[in-house]
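Comments concern the structure below.
Residue numbers begin at 1 in each chain, while the letters A, B, ... track the order of the sequences.
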Amino acid sequence: MTRAVIELDRVDRYFGAHPAVLDLSFAVMEGEIVALLGRTGAGKSTALHMIMGVLEPTGGTVRVEGLDPYAQFKALRGKLSVSFQNDRLLPWRSAWENVALGLDILGFDRETQRSRAIEWLENVKIVGAENVRKYPHELSGGMRQRVSLARALCVDPALVLLDESFSQLDHVTSKALRADFTELVRRLGKTCVLITHRIDDALEMADRILVLAAPARLALEVRVTRAGRADPGWLEAQHAAIAAAMGGEDEDRGEAA
Amino acid sequence: MSTRIDPETAPGIEPPAPAGAERNYFKRDLIGSVVVIALIAFGMEAWSWVAPVYIMPSIVLTGDEILTILVEDYIHIVTTILRLLFAVAFSLVAGSLIGVVMGIVRPAEPFIKALVVIFTGVPALSWMLFAIFWFRGTEERVFFILAVILIPFYALNVYDGIKALSTDLVEVVETFRPSRWQVFRLLILPHIVPYILMTTKSIIGYAARMTAFAELVSVNTGMGARMGLAQDELNMQGVIGWTILLVIVNLGVQAIVAWAEKRLLKWRPEVSVR
Ligand SMILES: Nc1ncnc2c1ncn2[C@@H]1O[C@H](COP(=O)(O)OP(=O)(O)O)[C@@H](O)[C@H]1O
Ligand SMILES: [Mg+2]
């Protein structure tokens with residue numbers, strides 16, 4: 001864990017006079033899972049869009065794999081991929097064809113696309129020739145989000161970005177998917193940035209939590225070790241500290257019940 | 001949509017059907033059709049007993065005429081079908097491209113849109129008369145008339161389709177950093193296919209009738225022209241015979257479109273078979 005995959009240096013982003021991200025600096029190391037945690041409107045998605053290279057910073061520099069993701073947009077082809085809150089599957093493509101989207105864009109032939117897509121569907125626990133051929137409208141919400149995650153991983157990117165990918169699912173589905181995804185990403189040693197507004201999700205999944213307060217500035221940084229994750233007392237204390245740094249927790253914490 | 005399309009000549013164009021249950025009405029429809037056809041045939045036959053032959057010929061006479069046409073004049077049927085299919089295929093491609101350009105190239109949008117709206121306002125009959133003045137060749141005339149009438153329908157519907165393209169999907173495809181051509185192939189093209197099919201479905205019957213009409217007015221080959229000839233000769237069984245064949249051609253091309261729709265839109269939960 002020596003190489004920085006993402007580096008933000010004093011990044012600002014204004015929308016008109018309104019700052020969405022202000023003086024934000026952090027680095028994400030290779031193989032790390034980092035959570036960007038903050039309340040709705042804290043500027044998490046704005047930060048993510050700058051990392052993706054679809055939004056230009058107003059000030060400061062963003063580097064992904066040493067490249068400027070906005071100015072050198074095409075140079076990062078195949079190196080980063082994103083999964084969103086909603087699955088965003090192409091309705092005319094079957095499950096495996098959706099997973100293969102990135103491979104198609106990278107120019108792989110159809111047979112390779114197919115075999116790799118099916119492999120990745122297995123990795124997210126979608127198996128069986130029948131399921132693999134289903135169209136998005138034939139799949140449940142949880143399965144669609146699994147397909148969406150497989151699509152992000154299928155190009156074997158150096159960096160995986162997740163914007164609230166688990167927050168639209170029901171509690172049970174979300175929990176199972178979080179566990180499966182974290183296990184998979186750790187096993188593969190992928191670098192991952194996940195955006196969430198849920199403190200418990202961040203504590204459960206991330207190696208390091210960057211707590212953002214609006215407009216996105218670093219309010220607190222928490223390292224989560226395996227020992228810490230297993231210690232209810234530590235988790236409780238961190239939860240309280242994070243909630244305070246965020247400026248209170250969003251309403252939907254009790255949703256589980 | 002209502003302001004842009006001439007209500008006098010235009011068929012109702014609907015956007016792709018909203019989600020709805022697919023029901024099998026086939027058997028019920030079949031019974032209805034058989035009953036109606038039998039009633040019409042019986043009515044015509046009964047009428048022919050009391051009316052002179054140039055008002056209403058008997059079924060036997062009309063059937064005989066249809067057989068004669070199928071044996072001796074079938075080339076006109078083939079001509080009409082080929083004209084129709086070629087003009088629809090061309091209009092589909094050209095109109096869809098115009099629609100895509102309207103939807104994607106922002107600065108071009110208002111100009112092309114104005115042009116398309118003005119074109120759809122010109123009555124079909126005017127285009128037929130223009131065609132007679134502007135073109136000597138028969139194929140050019142019919143092709144011009146059909147293309148100029150059909151292209152705007154494709155352009156407008158595909159344009160609506162492009163506008164309805166979800167930004168979420170655009171964003172997710174963009175994350176893989178595709179070329180422009182890949183965006184077209186992977187996102188835009190499959191997205192507009194339903195719009196193209198719905199347009200084809202709603203114009204094909206209209207286009208078939210327009211083909212016959214254009215032939216009647218401007219040329220001397222094809223089903224419409226032969227029908228005009230039968231009228232000149234006071235050959236009523238000829239007029240009815242050609243009419244029945246036109247109805248069959250019309251239903252045939254509609255069946256082809258319905259089949260294409262079912263195949264190409266199998267990914268949609270709500271493919272309507274009706
Ligand atoms: N395209 C935009 N135009 C104007 N304001 C925006 C835009 N995107 C985000 N914002 C503003 O920036 C702030 C942060 O938004 P966002 O990054 O979406 O927050 P989060 O993802 O943490 O909920 C909000 O106040 C939002 O209104
Ligand atoms: Mg957000």
Side-chain angles (χ1 to χ4, degrees), chain A residues 45 48-49 51-55 64 67 69-70 72-95 97-108 113 133-139 147-149 151-152 154-155 157 159-163 165, chain B residues 15-22 96 100 103-104 157-158 160-201 260-273:
Chain A
S45 294
L48 190 84
H49 284 143
I51 296 169
M52 283 162 63
V54 296
L55 191 68
V64 174
L67 299 166
Y70 186 83
Q72 298 169 287
F73 189 81
K74 287 275 161 71
L76 282 170
R77 222 176 196 227
K79 292 191 177 146
L80 72 92
S81 50
V82 191
S83 163
F84 298 90
Q85 181 167 13
N86 47 353
D87 53 78
R88 303 193 185 186
L89 298 181
L90 301 178
W92 53 82
R93 286 186 157 233
S94 65
E97 287 170 328
N98 263 290
V99 173
L101 179 68
L103 295 178
D104 197 334
I105 289 171
L106 290 175
F108 286 91
Q113 287 179 35
R133 270 203 307 270
K134 278 184 177 163
Y135 287 98
H137 74 88
E138 298 170 305
L139 298 168
V147 174
S148 170
L149 288 166
R151 173 175 64 187
C154 190
V155 290
L159 175 62
V160 188
L161 306 168
L162 266 56
D163 191 351
S165 293
Chain B
E22 179 182 332
S96 301
V100 169
I104 292 176
N157 285 304
V158 168
D160 280 341
I162 298 276
K163 279 199 301 187
L165 181 57
S166 133
T167 51
D168 276 6
L169 294 188
V170 177
E171 199 182 19
V172 81
V173 171
E174 287 288 336
T175 62
F176 292 106
R177 290 158 153 81
S179 66
R180 277 166 172 255
W181 164 246
Q182 286 175 326
V183 173
F184 181 77
R185 175 172 69 85
L186 298 170
L187 183 62
I188 293 174
L189 192 60
H191 171 76
I192 63 176
V193 163
Y195 293 85
I196 293 174
L197 282 169
M198 295 302 156
T199 308
T200 307
K201 199 177 170 188
E261 184 192 12
K262 226 180 148 170
R263 272 195 64 96
L264 288 170
L265 299 189
K266 62 181 193 301
W267 53 269
R268 275 157 67 109
E270 72 278 15
V271 173
S272 64
V273 287

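- Partner of B:Q182 under the side chain to side chain contact (heavy atoms under 4.5 Å, CB included) criterion, out of A:L101, A:D104, A:I105: A:I105 alone.
- Going from atom CD of B:E174 over to atom CE of A:M52 covers 9.5 Å, rounded to the nearest 0.5 Å.
- No donor-acceptor pair closer than 3.5 Å links the side chain of A:R88 to the backbone N or O of B:L169.
- Partners of B:F184 under the ring-ring contact (aromatic ring centres under 6.0 Å, His included) rule, at least two apart in sequence or in another chain, are B:W181.
- Between A:R151 and B:V172, the closest side-chain pair of non-hydrogen atoms falls below 4.5 Å.
- Summarising the geometry, atom CH2 belonging to A:W92 is positioned 6.5 Å from atom CH2 belonging to B:W267; distances are rounded to the nearest 0.5 Å.
- Here the CZ-CG distance, from B:F176 to A:L76, works out to 13.5 Å after rounding to the nearest 0.5 Å.
- For B:V173, the parts sitting under 4.5 Å from any heavy atom of chain A are the backbone and the side chain alike.
- A:L90 contributes atom CG, which lies 8.0 Å from atom CG of B:L186 (distance to the nearest 0.5 angstrom).
- Taking 4.5 Å as the limit, some side-chain heavy atom of B:R177 sits within range of a side-chain heavy atom of A:P69.
- Using a 4.5 Å cut-off between heavy atoms, A:N86 touches chain B through its side chain atoms alone.
- B:R268 CZ to A:Y135 OH: the interatomic distance, rounded to the nearest 0.5 Å, is 13.0 Å.
- For A:F73, the parts sitting under 4.5 Å from any heavy atom of chain B are the backbone and the side chain alike.
- For A:D163, the side chain to side chain donor-acceptor pair (under 3.5 Å) partners are A:S45, not counting sequence neighbours.
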